[in-house]
Amino acid sequence: MRLPMAPTDSMFLLGESREHPMHVGGLILLQPPPDGDARTLRTLFDAALASDDVASLWRRRAVRSLTTFGMWAWEDDPHFDLEYHVRRDALPQPGGNTELRALVSRLHSTLLDRSRPLWEMHLIEGLADGRYAIYTKIHHALADGVGAMRLLHRALSADPDRTDMPAPWAHFPSPDPVHSAVGTALDLPSMTVRAVRGVIDEAVGMVPAVVGTVDRALRGRGGAVSLAAPRTMFNVSIAGGRRFAAHDWSLARLRRVAEAAGATVNDVVLAMSAGALRAYLLEHEALPDEPLVAMVPVSLRREKTTEGGNDVGVLMCPLATHLDDSAARLLAVRDAMVDGKQSLRGRSQTALLIVSALGMAPLAVGVLTGNRAVVRPPFNVIVSNVPGPAGPLYWNGARVDALYPLSVPVDGQALNITCTSTADRIAFGLTSCSRSVPRLDRLLGSLDDELAALERTFGVPAAGDDRSG
């Protein structure tokens with residue numbers, strides 16, 4: 001049975017074109033087990049590829065026909081070919097970070113084949129340091145960043161001695177995501193009744209929520225909506241090529257700064273991004289007088305689930321890029337995020353979704369229509385922080401050394417900053433239009449400079465244990 005996908009998921013299919021690929025991705029670096037090397041991991045993956053054990057999530061493809069009334073839906077691919085989706089790549093010498101980023105940038109630039117399930121996994125050999133890399137891309141219609149992270153975690157273990165683990169695409173002991181989704185979707189009548197009843201119950205509260213959100217935007221306060229942001233070199237039409245850069249830091253460093261400033265780790269992420277963007281724009285003589293505005297996704301999932309799909313809200317945060325003092329920028333970001341969160345506190349799930357939809361509406365309209373005539377963008381950059389596991393993770397004894405996220409630039413948003421944490425590290429993944437944002441690697445150095453400046457300002461001792469990806 002073909003079941004229509006959620007409108008928020010199908011939006012990413014409707015808005016996709018050669019210039020606008022709509023997939024998210026991740027680059028994982030695995031440290032081989034103590035008694036093995038990169039060849040050991042290749043042997044394990046070879047054995048997994050010889051099996052036909054593939055979870056239904058990875059077999060489903062997107063279809064649209066008269067039987068679905070023209071809407072996008074999911075169905076099991078009758079011609080599924082695992083070896084098409086799982087591919088082997090090797091880096092040219094010297095096999096360092098530069099070669100790895102170049103390969104991943106090229107892979108992230110190409111569209112996924114609509115006639116097949118919308119994902120690819122690339123097993124990458126040839127790293128000079130002996131590690132093994134895995135680049136995965138999955139269409140945004142299939143999962144958002146949080147959903148993709150949970151799918152990844154399901155394939156890993158906290159036990160370094162476990163050696164019987166299935167491949168990331170295989171069935172797992174936990175309920176299969178697709179079966180769970182179908183089981184719920186088959187109960188459409190009762191789901192519809194509950195949804196309608198919920199909207200009726202919430203109707204009286206919707207008008208104040210929307211009016212209050214717009215009023216906050218008019219007064220330039222934090223919330224789910226921004227009416228205008230300064231135009232920058234990031235807010236232009238984009239081409240299909242992608243550029244990827246990444247770096248990770250000790251999470252403890254950000255925590256110490258956050259504690260000293262009375263802020264959160266996410267506030268420090270935003271302040272680091274603000275300082276790096278300010279330095280980059282100054283270098284290109286393109287820093288506007290008004291502060292840049294970041295759209296900050298906030299997960300609205302109230303229960304842990306491994307199902308795909310998209311369930312996010314947003315806050316708009318002025319980044320204080322007009323200030324030349326690092327501490328002042330962090331404190332301004334902290335106050336804006338506190339104010340924005342306060343505007344969402346106490347709202348129902350329906351109200352949160354509606355006011356967040358208002359904030360994302362300009363982006364959604366641009367994706368769907370290809371509108372390239374926005375004079376003043378509602379925000380300048382998306383900065384997303386997806387929390388990861390608190391402890392180290394392993395796959396058949398191989399430790400996850402780093403996990404770098406890749407996201408989706410769109411027209412008017414040529415740069416995306418996404419972070420994720422793994423054990424004691426936090427990784428920044430920068431994804432951009434290669435034509436619109438030159439020398440993306442310069443932003444990595446500026447992020448590092450900003451963290452060091454915050455440590456000096458707040459009297460926090462630095463630690464020189466960083467690695468770049």
Side-chain angles (χ1 to χ4, degrees), residues 1-18 20-25 52 54-82 84-85 110-121 136-148 150-151 154 168-172 174-196 198-199 300-301 303 305-312 350 353 357 360-361 363-370 408 410:
M1 178 179 179
R2 294 176 175 178
L3 295 173
M5 67 180 68
T8 51
D9 300 341
S10 62
M11 178 185 74
F12 294 104
L13 288 167
L14 295 171
E16 187 171 56
S17 68
R18 174 62 194 92
H20 308 92
M22 289 291 169
H23 49 257
V24 294
D52 60 357
V54 180
S56 54
L57 172 68
W58 308 114
R59 290 179 176 272
R60 65 181 185 180
R61 65 178 181 179
V63 293
R64 185 167 57 171
S65 66
L66 291 176
T67 60
T68 64
F69 302 100
M71 296 185 293
W72 283 103
W74 297 112
E75 73 168 9
D76 192 74
D77 182 6
H79 306 293
F80 180 79
D81 179 5
L82 180 60
Y84 172 86
H85 294 276
T110 58
L111 291 169
L112 289 162
D113 185 348
R114 290 282 188 96
S115 68
R116 300 175 182 267
L118 296 172
W119 66 278
E120 290 177 8
M121 183 176 292
T136 304
K137 64 179 176 183
I138 179 171
H139 203 283
H140 215 312
L142 197 59
D144 61 20
V146 174
R150 287 174 178 160
L151 289 169
R154 193 184 64 168
W169 56 82
H171 288 91
F172 286 81
S174 58
D176 183 83
V178 173
H179 292 164
S180 298
V182 170
T184 302
L186 287 175
D187 193 22
L188 286 175
S190 62
M191 284 182 62
T192 304
V193 170
R194 288 197 301 272
V196 171
V199 170
L300 299 182
R301 296 168 186 258
E303 297 179 358
T305 176
T306 56
E307 293 183 15
N310 300 273
D311 193 3
V312 295
T350 305
L353 288 171
M360 292 187 286
L363 180 63
V365 170
V367 168
L368 288 171
T369 66
V408 186
V410 296

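In what follows, residues are counted from 1 in the order of the sequence shown.
- Considering Y84, W74, F80 in turn, F80 is the only one that fulfils the side chain to side chain contact (heavy atoms under 4.5 Å, CB included) rule with P117.
- Here salt bridge (Lys or Arg N to Asp or Glu O under 4.0 Å) pairs that include residues 62-74, with residues two or more places apart or in two chains, number zero.
- R114 contributes a side-chain N or O that, together with a main-chain N or O of L13, makes up a donor-acceptor pair within less than 3.5 Å.
- Between A55 and A170, the closest heavy-atom pair is CB-O, 3.7 Å.
- In this model, no donor atom of one side chain and acceptor atom of the other lie less than 3.5 Å apart for E120 and H23.
- Side-chain contact between W72 and D9: absent, with no pair of heavy atoms (C-beta onward) separated by less than 4.5 Å.
- The two atoms that bring R61 and S115 nearest to each other are NH1-O, 3.3 Å, heavy atoms only.
- Listed by chain and residue number, K137 satisfy the side-chain hydrogen bond (donor to acceptor under 3.5 Å, both in side chains) test with T110 (two or more places apart in sequence, or in another chain).
- Not a single salt bridge (charged side-chain N to carboxylate O under 4.0 Å, His left out) links D76 to another residue, sequence neighbours left out.
- In this structure, CE in M22 is found 7.5 Å from CE in M11, a value given to the nearest 0.5 Å.
- Here the side chains of L142 and F12 are not in contact, with every heavy-atom distance at 4.5 Å or above.
- Tested against L118, the residues I138, L112, L111 include a single side chain to side chain contact (heavy atoms under 4.5 Å, CB included) partner, L112.
- Residues that satisfy the side-chain hydrogen bond (donor to acceptor under 3.5 Å, both in side chains) test with R59, not counting sequence neighbours, are absent from this structure.
- Nearest heavy-atom pair, A141 versus M5, reported as atom, atom and distance to 0.1 Å: CB-SD, 4.5 Å.
- In this structure, D52 has no side-chain contact (heavy atoms from CB on, under 4.5 Å) partners at least two apart in sequence or on a different chain.
- Residues passing the ring pair (Phe, Tyr, Trp, His ring centres under 6.0 Å) test with W119 are W58, H85, sequence neighbours excluded.
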